[in-house]
Amino acid sequence: MVKDKTTLTFYGGVAEIGGNKVLLQDRDTRVFFDFGMSFAMKKKFYSPPFLSPKSEKSLQELEILPKINGVYKFDPSPPEVDAVFLSHGHLDHSAYLSFIKREIPVYCGETTCTILQALSEVRRADLEFRVSDIEFKAFRTGRKIRVGGLEIEPYHVDHSVPGAYGFVIHTSNGAVVYTGDFRDHGAKPEMTRDFVENAQKAEPVAIVNEATNMTGATVSSEAEVESKLDSVVAAADGIVLAEFAYADVDRLNSFFHIAKKNRRCLAISLKQAYLLEALGKDKGLTVPALDDEEILIFRKSKKRFDKWEKEIIERYDKQNKIFDAQKVSKQQCKVVLAMSFYDFEELVQLEPEAGSCYVLSTSEPFNEEMEIDYDRLVNWLSHYGLPQYHVHVSGHMMPLQLKKALKQINAKRMFPVHTESAGLFAKFMRDLKSKVTLVEKSKEYQL
Ligand SMILES: [Zn+2]
Ligand SMILES: [Zn+2]
């Protein structure tokens with residue numbers, strides 16, 4: 001008798017950090033886990049804004065968007081996939097949902113849904129990010145979701161964006177675990193422990209795990225980041241410029257606590273204010289309230305504002321919260337200003353005083369805008385006499401902690417993804433009972 005087949009196929013996240021697109025097929029049920037944009041593949045050919053992909057055809061020709069039948073909006077054939085599950089809202093896991101047929105349901109955590117909806121509002125839709133017309137099906141941790149013959153249980157994990165999940169997927173050939181991106185040194189390590197315990201209980205036949213940090217691991221935590229930020233902010237005489245990912249709520253909280261502690265206000269961007277308004281309604285999250293006295297909203301000097309920007313400005317101008325560069329300039333020692341390198345033009349108006357500094361609090365390529373043009377950054381900082389501090393902790397598990405978690409989960413097979421060091425991972429894990437498969441792109445692996 002032919003056994004019912006369960007297979008895994010990896011269309012992204014292979015030999016690269018991000019771009020995850022993992023297809024799980026069980027009998028006649030087919031589900032994708034993540035459908036992200038591959039920054040590494042894109043960078044090989046494109047250099048936005050002047051050289052950007054113009055169509056799906058370009059993306060497919062260059063294999064940035066994999067060729068898969070019955071999945072894409074621009075493919076007239078009927079859908080051949082039953083659902084897409086998102087682990088979290090980072091674009092390297094979610095952006096290419098833009099191309100997915102709208103009749104294929106997309107499941108994600110409630111917070112991810114909020115983040116992606118907010119992001120579609122604040123970011124001009126383009127070819128590679130257009131998700132505003134997706135009706136997300138939201139889940140919470142521990143729910144059981146049935147899709148065809150599969151039962152899928154999402155479990156919250158700690159990561160550098162809220163609303164991140166790992167999955168335990170019950171197939172006809174045993175459980176498969178997908179970690180998504182996770183860590184155990186952030187603000188909520190107990191969530192990751194909870195996921196690991198549930199994954200272990202399922203006695204999985206396979207685990208698809210991230211292995212981002214195999215080289216360049218560090219020993220730190222979000223708590224340590226907060227205390228380092230304290231030493232910087234407490235000693236600064238002028239303004240503290242802070243660069244961090246706008247959806248990294250843990251980092252935002254760390255900056256907020258430290259600004260408060262040092263009797264400063266945290267000035268956030270309009271984009272962050274918009275996201276905070278949306279996330280403020282999420283009972284599972286702790287975020288600064290926009291009407292808190294120590295929160296200000298920074299308005300860049302530009303002539304035209306989008307509708308959502310005008311609305312924020314109007315709402316918070318009444319509370320005297322909207323500050324432009326000139327207004328911030330007058331009280332530099334009282335402000336921590338969240339600011340991206342791409343907003344440095346504002347420094348001309350702001351005129352940072354002696355004793356000001358710049359804190360780079362990011363490192364991961366989950367956001368194209370974060371790929372800093374380093375030489376130019378240094379030129380700006382030199383021009384204004386701003387020393388640069390790097391205070392950051394990764395959103396991903398460190399190697400020894402990853403090994404411990406994988407040992408505990410004890411899956412029969414491991415499929416490392418989201419890494420440039422799968423070979424190193426395999427050797428590092430060679431004494432575990434779980435056997436490592438080094439995956440090739442678009443190849444089907446039977447479980
Ligand atoms: Zn990622
Ligand atoms: Zn991520």
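- Remark: Arg315 engages Glu277 in a salt bridge, criterion side-chain N to carboxylate O under 4.0 Å.
- Atom CD of Glu135 sits in a sparse spot, with 12 or fewer heavy atoms from other residues, nucleotides or ligands closer than 6.0 Å.
- For the pair Arg183 and Asp158, the salt-bridge criterion is met [side-chain N within less than 4.0 Å of a carboxylate O].
- Using the six-membered ring where Trp is involved, Phe182 and Phe195 have ring planes that are perpendicular, over 60° apart on the 30 and 60° scheme.
- Between Phe344 and Tyr358, the distance separating the two ring centers is shorter than 6.0 angstrom.
- Summarising the local packing, NZ of Lys57 is surrounded by 12 or fewer heavy atoms from other residues, nucleotides or ligands at distances under 6.0 Å.
- Classification of the His88-His90 ring pair by plane angle, with boundaries at 30° and 60°, yields perpendicular.
- Ion pairing between Lys403 and Asp431 holds under the 4.0 Å rule for side-chain N and carboxylate O.
- Counted within 6.0 Å of CD on Glu63, heavy atoms from surrounding residues, nucleotides or ligands total 12 or fewer; the atom is thus considered open.
- His93 and Asp181 form a side-chain donor-acceptor contact under 3.5 Å, judged by distance and modelled atom types alone.
- Heavy-atom neighbours of Phe428 CZ from other residues, nucleotides or ligands within 6.0 Å: above the threshold of 12.
- Taking the centre of each ring, Phe167 and Phe85 come in below the 6.0 Å mark.
- Classification of Lys101 and Glu80 as a salt-bridged pair fails, no side-chain N sitting under 4.0 Å from a carboxylate O.
- A salt bridge does not link Arg193 with Glu197: none of the charged nitrogens is closer than 4.0 Å to a carboxylate oxygen.
- Remark: aromatic rings of Phe255 and Phe244 are close, center separation under 6.0 Å.
- The pair Lys188-Glu222 fails the salt-bridge criterion, with no side-chain N (NZ, NE, NH1 or NH2) lying under 4.0 Å from an Asp/Glu carboxylate O.
- Heavy atoms from other residues, nucleotides or ligands lying under 6.0 Å from CZ of Arg376 number 12 at most.
- Ion pairing between a basic and an acidic side chain is recognised when a charged N comes within 4.0 Å of a carboxylate O; Glu309 and Arg299 show no such pairing.
- Heavy atoms from other residues, nucleotides or ligands lying under 6.0 Å from CZ of Arg146 number more than 12.
- A salt bridge does not link Glu153 with Arg143: none of the charged nitrogens is closer than 4.0 Å to a carboxylate oxygen.
- In this model, a donor atom of one side chain and an acceptor atom of the other lie less than 3.5 Å apart for Ser77 and Asp75.
- In this structure, Asp34 does not pair ionically with Lys21, as no charged nitrogen and carboxylate oxygen lie closer than 4.0 Å.
- Aromatic ring centres of Phe35 and Phe99 lie farther apart than the 6.0 Å criterion allows.
- Between Arg140 and Asp282, at least one side-chain nitrogen of the basic residue sits less than 4.0 Å from a carboxylate oxygen of the acidic one, meeting the salt-bridge criterion.
- When the shell of 6.0 Å around NZ of Lys302 is examined, it contains more than 12 heavy atoms from other residues, nucleotides or ligands.
- Between Lys260 and Asp292 there is a salt bridge, with a side-chain nitrogen of the basic residue lying less than 4.0 Å from a carboxylate oxygen of the acidic one.
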